[in-house]
Amino acid sequence: MKLGVIADDFTGASDIALMLSEGGMTAAQYVGVPDVPALASVDAGIISLKSRTIPAAEAVAQSLRACDWLTGQGCKQIVFKICSTFDSTDEGNIGPVAEALADRLGETCVIVCPAFPENGRTVYQGHLFVADRLLSESGMHHHPLTPMGDPDIRRVLARQTSWAVGHVSLDHVADGPAAINLACPADGKSMVIVDAIRNDDLATIGRAIAARKLLVGGSGLALGLPKNFGHAPAVANWTGHSGKAVVLSGSCSVATRAQVASYKAIAPSRELTVDDIMAKALSVQEIAGWVLRQDASPLLYSSADPEVVGAAQKKYGREKSAAAIEQFFSDLAASLFSAGVSRMVVAGGETSGAVVSGLGANTLDIGPKIAPGVPALKVSGQPLALALKSGNFGGPNFFSEALSVLETSR
């Protein structure tokens, strides 16, 4: 294994796995830290954690365990994969995990870049944009777990780390890899936010960080990494699954709510409200039976407007309500798979983590791209195809498009 990735959620793991696979690396996505060695054929190992919103100390412990396993497989470089919208709070977990990983690997300067231009995430003058809006105006300030109200990710990161936080402007990125590396001081410890608004910028950053032991960023940061290891772009082989399918949506992002509205117009759907889940008014067996009776692939969703989410959090508590929803989706996924469902499209990072955990999956095989940042996946050794979508990814018709790709062979 040449390259290791530690992802703080499941959709982020499949996102960067797709980028590395398209770059020609044989990539495997692991559910948690494996307890056995990797196959010799794997070039890039991506460990999916559910560590974005857990206490920082737990996130650090899990990430260090993942790092130790990856370096034990031979990895010379580690990527700490975070969300392209820098999802975090003032307590972490980006800063604390990055510090701990850097110390473990002996790295004193960490390049940080969440940019993903293909999906509209760019960094300019240290500020994160989503399309033509600052992060704080993109809808992310309504996120139920990690509301992002400050678009200056230099300030956000500085509140999470004791390390110095530097910045490389777009002008210096244009000057080439040497200019980026000059931002790393000879003494002390620093994390350096690097601007990027185009794929060419990410390719330049990729050349600059070839010798770095630790990188922090979104999947766009991986654009230039396969070439550093001698790989060239490749197309994944894929054999889809037909049969029963379902769409599960727990994300409350602006993009996902639009996708829910679009899919509801053409397919059967049921809303799973927080009130019903908390009151145990919903039965997993009853919902699963309803899914199986539908001719078209149905939608089950807990996605709601920010006002509804806020009211539920106030009534039940943020962590308690989120945990209850995730547990319901986890149990439901297990029940649906046992009943013969062979395709699942899942929206939301936390929901995806819950679903994959419920399925008891260990390794996910990477297939073709459905949308930027979203590959088709297979549960290794099982007749099940998945799409795990970050909340803000995909166009209005994503659910229909994903179901089609998961069924098609190419």
Side-chain angles (χ1 to χ4, degrees), residues 10-11 144 240-253 256-305 308-309 312 316 320-361 370 376-379 382-389 391 394 396-407:
F10 285 74
T11 57
H241 285 299
S242 58
K244 284 289 184 181
V246 67
V247 178
L248 305 173
S249 177
S251 168
C252 297
S253 72
T256 297
R257 283 184 282 128
Q259 291 157 356
V260 166
S262 176
Y263 195 72
K264 282 172 61 178
I266 62 170
S269 64
R270 287 185 64 169
E271 182 176 9
L272 311 177
T273 69
V274 177
D275 284 334
D276 283 344
I277 290 173
M278 295 301 292
K280 301 189 183 302
L282 295 175
S283 159
V284 166
Q285 290 72 26
E286 189 274 324
I287 296 293
W290 177 83
V291 168
L292 295 172
R293 291 193 298 273
Q294 306 309 306
D295 293 328
S297 302
L299 164 69
L300 300 170
Y301 67 98
S302 65
S303 308
D305 293 338
V308 175
V309 175
Y316 300 110
K320 189 174 181 179
S321 57
I325 294 170
E326 290 168 25
Q327 187 61 56
F328 192 88
F329 273 117
S330 179
D331 294 341
L332 181 59
S335 179
L336 290 169
F337 177 56
S338 295
V341 171
S342 59
R343 285 174 292 150
M344 294 185 190
V345 177
V346 189
E350 301 301 319
T351 309
S352 294
V355 166
V356 172
S357 296
L359 293 170
I370 299 170
L377 302 167
K378 279 188 178 178
V379 178
Q382 298 292 336
L384 180 62
L386 297 172
L388 307 178
K389 183 191 85 74
N397 299 318
F398 174 83
F399 293 153
S400 297
E401 294 164 356
L403 288 169
S404 177
V405 173
L406 294 183
E407 187 175 29

K.L.:
Can you give me the closest heavy-atom contact between Ser242 and Glu407, atom names plus distance?
P.N.:
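Distance-wise, the nearest heavy atoms are CB-OE2, 3.7 Å.
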K.L.:
What pair of heavy atoms forms the shortest contact from Ser303 to Val260, and how long is it?
P.N.:
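Nearest pair, atom of Ser303 first, then Val260: OG-CG2, 4.0 Å.
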K.L.:
Classify the side-chain pair Ser400/Asn397 by whether it contains a donor and acceptor separated by less than 3.5 Å.
P.N.:
no
K.L.:
Can you check whether Ile325 reaches Leu272 side chain to side chain, under 4.5 Å on heavy atoms?
P.N.:
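Heavy-atom side-chain distance check fails, nothing below 4.5 Å.
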K.L.:
For residues 338-358, which residue pairs pass the side-chain hydrogen bond (donor to acceptor under 3.5 Å, both in side chains) check, not counting sequence neighbours?
P.N.:
Lys50-Glu350
K.L.:
Taking the side chain as everything from C-beta on, heavy atoms only, tell me whether Tyr263 gets closer than 4.5 Å to Pro396.
P.N.:
no
K.L.:
Which atoms form the tightest heavy-atom contact between Val356 and Leu386, and what is the distance?
P.N.:
CG2-CD1, 4.4 Å
K.L.:
Give me the atom names and distance for the closest heavy-atom approach of Ala245 to Leu403.
P.N.:
CB-CD2, 3.7 Å
K.L.:
Please examine the side chains of Ser262 and Phe399, heavy atoms only from C-beta on, and report whether any two atoms are closer than 4.5 Å.
P.N.:
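SC-SC contact between Phe399 and Ser262 ruled out.
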K.L.:
Strictly by salt bridge (Lys or Arg N to Asp or Glu O under 4.0 Å), give each pair with a member in residues 331-342 just once, sequence neighbours left out.
P.N.:
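Sorted result for residues 331-342: empty, none.
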K.L.:
With salt bridge (Lys or Arg N to Asp or Glu O under 4.0 Å) as the rule and sequence neighbours excluded, what pairs involving residues 279-304 come up?
P.N.:
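Those involving residues 279-304 are Arg270-Glu286.
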K.L.:
Side chain to side chain contact (heavy atoms under 4.5 Å, CB included) between Phe10 and Val346: does it pass, once the steps are laid out?
P.N.:
CA-CA 11 Å; Phe10 285 74; Val346 189; over 6 Å; no
K.L.:
Do Tyr316 and Asp275 meet the criterion of a side-chain donor-acceptor pair at a distance under 3.5 Å?
P.N.:
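Note: Tyr316 and Asp275 side chains meet the donor-acceptor criterion.
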K.L.:
Give me the atom names and distance for the closest heavy-atom approach of Ala339 to Leu292.
P.N.:
CB-CD1, 3.5 Å
K.L.:
Quick check: do Leu406 and His241 have side-chain heavy atoms less than 4.5 Å from each other?
P.N.:
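Leu406 does not reach His241 side chain to side chain.
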K.L.:
Between Ala304 and Val309, what is the shortest heavy-atom contact and its length?
P.N.:
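Taking every non-hydrogen atom into account, O-CG2, 3.8 Å.
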K.L.:
Using a 4.5 Å cut-off on heavy atoms from C-beta on, say whether the side chain of Phe398 contacts that of Ile370.
P.N.:
yes
K.L.:
About how many Å separate CG of Leu388 and CE of Met344, when rounded to the nearest 0.5 Å?
P.N.:
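Met344 CE to Leu388 CG: 11.0 Å, rounded to 0.5 Å.
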K.L.:
Exactly one of Leu282, Ile287, Val246 should register a side-chain contact (heavy atoms from CB on, under 4.5 Å) with Leu332. Which one does?
P.N.:
Ile287
K.L.:
Going from NZ on Lys389 to CD on Gln259, what distance comes out if it is rounded to the nearest 0.5 angstrom?
P.N.:
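Spacing of NZ (Lys389) from CD (Gln259) equals 4.0 Å.
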K.L.:
In Å and rounded to the nearest 0.5 Å, what is the CG to CD distance from Leu299 to Glu271?
P.N.:
10.0 Å
K.L.:
Nearest 0.5 Å please: distance from the OG atom of Ser330 over to the CG atom of Leu359.
P.N.:
7.5 Å
K.L.:
Side chains of Ser283 and Gln285: is there a donor and an acceptor less than 3.5 Å apart?
P.N.:
yes
K.L.:
To the nearest 0.5 Å, how far apart are CG in Asp276 and OG in Ser302?
P.N.:
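Nearest 0.5 Å value for the CG-OG distance: 11.5 Å.
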K.L.:
Would you give the length of the straight line joining atom CZ of Phe329 to atom OH of Tyr301, rounded to the nearest 0.5 angstrom?
P.N.:
11.0 Å
K.L.:
What verdict does the side chain to side chain contact (heavy atoms under 4.5 Å, CB included) test give for Val355 and Leu248, after you've listed the backbone C-alpha separation in whole Å, the side-chain angles of each residue and the deciding distance to 0.1 Å?
P.N.:
CA-CA 9 Å; Val355 166; Leu248 305 173; 4.0 Å; yes
